[in-house]
Amino acid sequence: MDCITFDNVSFTYPDSETGTPVFSHFSGTIPAAFTSLVGPNGTGKTTFMMLASGRLTPTEGCCMLFGKNPALLAEEQKNLLASVIYQNMEFESQQKVEELLSYVYTNGAYKGKAKSVRSSADLFSEVIDVFEIEKVLGHGLTQLSKGEIQRVLLAFSILYGSASLFMDEPLFAMEARQKKSALAYLREFSESTKTPLYISMHELELTREFASQVLLFYPNRDMDLGTVEEVMTKEALEKAYGVPESMLSHSETMTREELQQTADAILQMNRTKS
């Protein structure tokens, strides 16, 4: 089942100094699945998700989600169609974590009633346990660490019950163990509830381990879509990141520019030695 459809979409940020479009007359469809968006910084991953979820409006063309144009919907309908979380989101409210999550669960699509995906228990208690939030339920939102904020945001997105989930670097500041635990649950939730989830993350090994399908972004705005085995080949990754695959396995959080600088330095050292 196709979830996202881009029809002749062009988009340029209004404050772009160069005026270079992020997308130019792009058309394509993305099936509903647990999808990892992979590629170096600046290749359009975040913009793609913001357009697909209706948080940005195309300069030309149309983006459809489940056959609807989310950019034209009222705020509540837009949120019910697509939930979006991203790195470095912050809370300004003094509200307690438990109060926020209870309100979201009660007033979102689930109306406070949803079964967990792992047992017959309630979804609320399962999410609190999976994302290790119990110890901060009584904390104010502005008192949370970066890692705690991200885990609360993950819980928020699940408990609201949107028809689709978009997550831009949601694992920021979380421990390696917590990242794997969260991704295992997110994939299980996505598959069990038939909720498509689109997530970007730097760690290629996590994509290999958990993604059902991969959307690989290249610097020239080309994209490849398929399974991990089909898309994340040595040749494709080296083309996308511009460096040897062996470097990527040790430097997955580096930007493309930093990776290229490192590659150039290694090349220069080899030339000097020879």
Side-chain angles (χ1 to χ4, degrees), residues 13-16 22 36-37 40-57 70-71 73-110 123-124 127-183 185-186 189 195 197-203 206 252-255:
Y13 283 99
D15 57 353
S16 171
V22 181
S36 180
L37 280 63
N41 291 341
T43 52
K45 301 188 299 295
T46 297
T47 305
F48 180 91
M49 287 195 285
M50 295 300 104
L51 287 167
S53 62
R55 271 54 179 187
L56 290 176
T57 302
L73 299 177
E75 196 67 20
E76 182 177 359
Q77 284 70 39
K78 185 184 299 184
N79 290 335
L80 288 171
L81 189 66
S83 177
V84 180
I85 63 173
Y86 49 89
Q87 180 179 321
N88 285 330
M89 289 180 74
E90 294 184 354
F91 295 107
E92 297 181 358
S93 169
Q94 297 295 326
Q95 194 175 23
K96 304 294 185 183
V97 171
E98 186 170 16
E99 293 173 356
L100 170 69
L101 295 181
S102 295
Y103 179 84
V104 168
Y105 186 43
T106 302
N107 292 276
Y110 290 132
L123 181 64
F124 188 90
V127 167
I128 297 302
D129 179 60
V130 167
F131 297 123
E132 302 179 18
I133 298 173
E134 185 172 1
K135 291 183 179 180
V136 301
L137 288 176
H139 293 190
L141 293 171
T142 57
Q143 299 174 315
L144 302 177
S145 68
K146 291 290 187 181
E148 290 167 346
I149 289 174
Q150 294 306 120
R151 301 204 307 276
V152 169
L153 287 170
L154 289 172
F156 185 112
S157 65
I158 294 293
L159 292 173
Y160 190 73
S162 300
S164 59
L165 302 175
F166 293 82
M167 299 182 174
D168 190 10
E169 298 295 340
L171 308 177
F172 172 72
M174 291 170 58
E175 299 174 9
R177 171 188 59 80
Q178 292 171 331
K179 290 180 180 182
K180 287 198 171 190
S181 174
L183 286 170
Y185 182 77
L186 289 173
F189 176 84
T195 303
L197 193 155
Y198 303 90
I199 180 172
S200 70
M201 49 188 172
H202 282 298
E203 296 94 331
L206 292 179
E252 292 168 352
T253 60
M254 298 171 66
T255 65

Determine whether E148 and V97 make a side-chain contact, defined as any pair of heavy atoms from C-beta on separated by less than 4.5 Å. no
Are the side chain of T43 and the backbone N or O of P40 linked by a donor-acceptor pair below 3.5 Å? yes
Point-to-point distance, once rounded to the nearest 0.5 Å, from CD1 of I158 to CG of L197: 7.0 Å
Can you see which heavy atom on Y110 is nearest to which on G161, and at what distance? CE1-CA, 3.3 Å
Using a 3.5 Å distance criterion without hydrogens, assess whether the side chain of S162 forms a donor-acceptor pair with backbone atoms of N79. yes
Value for OG1 (T142) from CD (E90), rounded to nearest 0.5 Å, stands at 10.5 Å
Distance col, row L51:CG vs L56:CG, nearest 0.5 angstrom, shows 5.0 Å
Between S157 and L154 (side chain of the first, backbone of the second, donor and acceptor by atom type, cut-off under 3.5 Å), is there such a pair? yes
Salt bridge (Lys or Arg N to Asp or Glu O under 4.0 Å) filter on K180, not counting sequence neighbours, yields E209
Reported CZ-to-CD1 distance for the pair F156 and I149, which is rounded to 0.5 angstrom: 13.5 Å
Examine distances only and state if a side-chain atom of R151 and a backbone atom of E132 form a donor-acceptor pair shorter than 3.5 Å. yes
Using a 4.5 Å cut-off on heavy atoms from C-beta on, say whether the side chain of F189 contacts that of V130. no
Atom OH of Y86: over 12 foreign heavy atoms under 6.0 Å: no
Close side-chain approach of L183 and I199, heavy atoms under 4.5 Å: yes
Answer yes or no: is there an ion pair linking K96 with E98, defined by an N-O contact shorter than 4.0 Å? no
For E134, I'd like to know if atom CD has over 12 heavy atoms of other residues, nucleotides or ligands within 6.0 Å. no
So NZ of K179 and CG of L186: to nearest 0.5 Å the spacing works out to 13.5 Å
If we ignore hydrogens and angles and just use 3.5 Å, is the side chain of Q150 paired with the main-chain N or O of P170 as donor and acceptor? yes
Are any of the side-chain heavy atoms of Q94 and Q143 separated by less than 4.5 Å? no
Between S83 (side chain) and L165 (backbone), is there a donor-acceptor pair under 3.5 Å? no
Scanning both residues in full, the closest heavy-atom pair of K78 with G54 reads NZ-O, 3.3 Å
Would V127 and Y105 count as a side-chain contact (heavy atoms from CB on, under 4.5 Å) here? Give the steps. CA-CA 11 Å; V127 167; Y105 186 43; over 6 Å; no
Around atom OH of Y103, are there more than 12 heavy atoms from other residues, nucleotides or ligands closer than 6.0 Å? no
Mind listing the closest non-hydrogen atom pair of S53 and V84 along with its distance? OG-CG2, 3.5 Å
Over all heavy atoms of both residues, which pair between L101 and V152 is shortest? Give the atoms and the distance, please. CD2-O, 4.0 Å
Closest non-hydrogen atoms of L153 and M89, given as atom of the first, atom of the second and distance, are CD1-CB, 3.6 Å
At their closest point, which heavy atom of M201 faces which heavy atom of L171, and how far apart are they? SD-CD1, 4.0 Å
Got a second to check how far L37's CG is from E169's CD, nearest 0.5 Å? 10.0 Å
Relative to each other, are the rings of Y185 and F131 parallel, tilted or perpendicular (30° and 60° limits)? perpendicular
